[in-house]
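Okay, so here's the structure we're looking at.
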Amino acid sequence: VPGLSVVRAHTDADLEAMIAVRLAADPDGPPPRLENLRHNLAAHETLVYVVAHLGGEPAGCGFVDPWPDDLAHAHLVVVPPLRRRGIGLALLVDLGRRAREAGRPELEGQVVESDVESQEYLDRRGYRVVGGEKAVALDPLSAIVHADVARALVAAGRFHEAAHRFRRANEIDPEMP
């Protein structure tokens, strides 16, 4: 892919590019926090983050961690408007190479059942389902608790996370003020 680079994320700028990709791919979800990404890298010596840039702009990111099993846990994401240009494949190739270098011939990741696009992407590349966990998301927090947490997040200046909590409170109780 002309203008594409995939590099191991070492610097804060690399980690911030990963955050930008995640925000673009899931604008309603809570963004990763820079300090959490730094902590994960420091605490897990086998963990590798990678970031893809297209024309100097963040285009995708992923990780691979070949510990502790005989396979490597991996994940990747591409900015939605940039999909189907080879960025995901470049990330997948890079993650696979890093796993093989660590002695892990297989990658394993998770795809939620409702993410048909990702399932089809992996199917086209020969990946197969090896498990099938069914999860039920239980939300033990009431709408009132979500709203209270959202107000505290607003006070802390964490508006994106607050918006997520307010939306969750509204999903639980649409009549909540």
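Under the 4.5 Å side-chain heavy-atom criterion for ILVMFWY residues, a single connected hydrophobic cluster contains both I19 and V7.
Considering every non-hydrogen atom in both M18 and C61, the closest pair reads CG-CB, 3.7 Å. Nearest heavy-atom pair across P80 and A24 is CD-O, 3.7 Å. Taking every heavy atom of both residues into account, P68 and R104 meet most closely at O-NH2, 4.2 Å. Nearest approach of D94 to R98, heavy atoms of both residues: OD2-NE, 2.6 Å. The two atoms that bring A25 and R83 nearest to each other are CB-NH2, 4.2 Å, heavy atoms only.
For L47, the side chain to side chain contact (heavy atoms under 4.5 Å, CB included) criterion is met by N40, L41, H44, Y49, F63, D65, not counting sequence neighbours. Here H53 pairs with S5, A17, V51, P58 under the side chain to side chain contact (heavy atoms under 4.5 Å, CB included) rule; sequence neighbours left out. Every residue meeting the side chain to side chain contact (heavy atoms under 4.5 Å, CB included) condition with E108, not counting sequence neighbours, appears here in chain and number order: L71, H73, V130. Partners of S114 by side chain to side chain donor-acceptor pair (under 3.5 Å), not counting sequence neighbours: none found. A search for side chain to side chain contact (heavy atoms under 4.5 Å, CB included) contacts involving H10 returns R8, D14, not counting sequence neighbours.
Counting heavy atoms of neighbouring residues, nucleotides and ligands inside a 6.0 Å radius, atom CZ of R84 does not exceed 12 of them.
Distance check: R124 CZ to E120 CD gives 6.5 Å after rounding to the nearest 0.5 Å. Note that the OG1 atom of T11 and the CZ atom of R38 stand 10.5 Å from one another [nearest 0.5 Å].
Side-chain contact check for L37 versus E35: every heavy-atom pair is 4.5 Å or farther apart.
Other residues sharing a hydrophobic cluster with L76 under the 4.5 Å side-chain heavy-atom criterion for ILVMFWY residues are V1, L4, V6, V21, V48, V50, L54, V64, V77, V78, V79, L82, I87, L89, L91, L92, V93, L95, L107, V111, Y121, L122, Y127.
A donor-acceptor pair under 3.5 Å links the side-chain atoms of Q119 to the main chain of E113, judged by distance alone.
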